[in-house]
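Computed from a predicted structure; not experimentally measured.
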Amino acid sequence: LHKFSTTMVQNNAAIFVGDVASAKLVKTRMAKSTLDAGWAMLKTMLEQKSHQAGVVFEVVNEAYSTQTCSCCGVIPASSPKGRAGLRIREWTCSECGAVHDRDVNAAKNILAAGHRRLAAGIPVR
Ligand SMILES: [Zn+2]
């Protein structure tokens, strides 16, 4: 985690992470899993190292980031939804035909949300 977070901070001017995953996991049996602990630790490392290096670090709202098509911006009927959708790793947008890897598509939407926040100015809350 230390190596990865250091590389991320050295190679990027801004880092955006989603806000929902950990909070959602807390409500499940996976709450105490090492995966969840690792993710929380990685977020903390990224935040601290970004701060030290002057890199932008923001936690953004990741709601619908999995379901929204990062190409056309709509939530198509074909996108993965709910518990059943968790097993869908790759899908095709029924609106624009774009083929998505589930995680890459969600990451693109989180990045776009981060860019929108920078463009609009970051609200105090
Ligand atoms: Zn689309």
field: Path from Leu86 to Ile75 over hydrophobic side-chain contacts below 4.5 Å
entry: no

task: For residues Leu42 and Ser5, report the shortest heavy-atom separation together with the two atoms involved.
output: CD1-CB, 4.0 Å

message: Ignoring hydrogens, what is the shortest heavy-atom contact between Pro76 and Lys81? Give both atom names and the distance.
response: O-NZ, 2.8 Å

query: Taking atom CD1 of Ile15 and atom CD1 of Ile110, what is their separation to the nearest 0.5 Å?
result: 13.5 Å

message: Can you confirm whether Arg89 sits close enough to Asp101 that some side-chain heavy atom of one is under 4.5 Å from a side-chain heavy atom of the other?
response: no

field: Any side-chain heavy-atom pair of Cys71 and Cys93 under 4.5 Å
entry: no

query: Taking all atoms of both residues into account, what is the closest heavy-atom pair of Leu46 and Val9, and its distance?
result: O-CG2, 4.1 Å

message: Could you tell me if the side chain of Ser79 sits less than 4.5 Å from the side chain of Tyr64, heavy atoms only?
response: no

message: Please report the interatomic distance CD(Gln10) to CG(Asn12), rounded to the nearest 0.5 Å.
response: 10.5 Å

- request: Compute whether any side-chain donor of one residue and acceptor of the other, for Lys108 and His100, lie under 3.5 angstrom apart.
  value: no

- request: Please round to the nearest 0.5 Å and tell me the distance separating atom NZ of Lys49 and atom CZ of Phe57.
  value: 12.5 Å

Arg102 to Pro80 - nearest heavy-atom pair and separation: NH1-CB, 3.6 Å

query: Do Thr92 and Ser78 have side-chain heavy atoms sitting under 4.5 Å apart?
result: no

- prompt: With side chains defined as the heavy atoms from C-beta onward, is the minimum distance between Val60 and Val17 less than 4.5 Å?
  reply: no

- prompt: Measuring from Met8:CE to Met45:CE, what's the distance to the nearest 0.5 Å?
  reply: 14.0 Å

task: Using a 4.5 Å cut-off on heavy atoms from C-beta on, say whether the side chain of Trp39 contacts that of Thr44.
output: no

message: Return the CD to SG distance between Glu95 and Cys72, rounded to the nearest 0.5 Å.
response: 6.0 Å

- request: Would you check if there is a donor-acceptor pair between the side chains of Asn105 and Ser70 at a distance under 3.5 Å?
  value: yes

- prompt: For Trp91 and Cys69, which heavy atoms make the closest approach, and how far apart are they?
  reply: CH2-CA, 4.0 Å

- prompt: Are any side-chain N or O atoms of Asn109 and backbone N or O atoms of Thr66, one a donor and one an acceptor, separated by less than 3.5 Å?
  reply: no

- prompt: Taking atom CG of Leu111 and atom OG of Ser65, what is their separation to the nearest 0.5 Å?
  reply: 12.0 Å

query: Hey, is Arg117 close enough to Glu58 for a salt bridge, meaning N to O under 4.0 Å?
result: yes

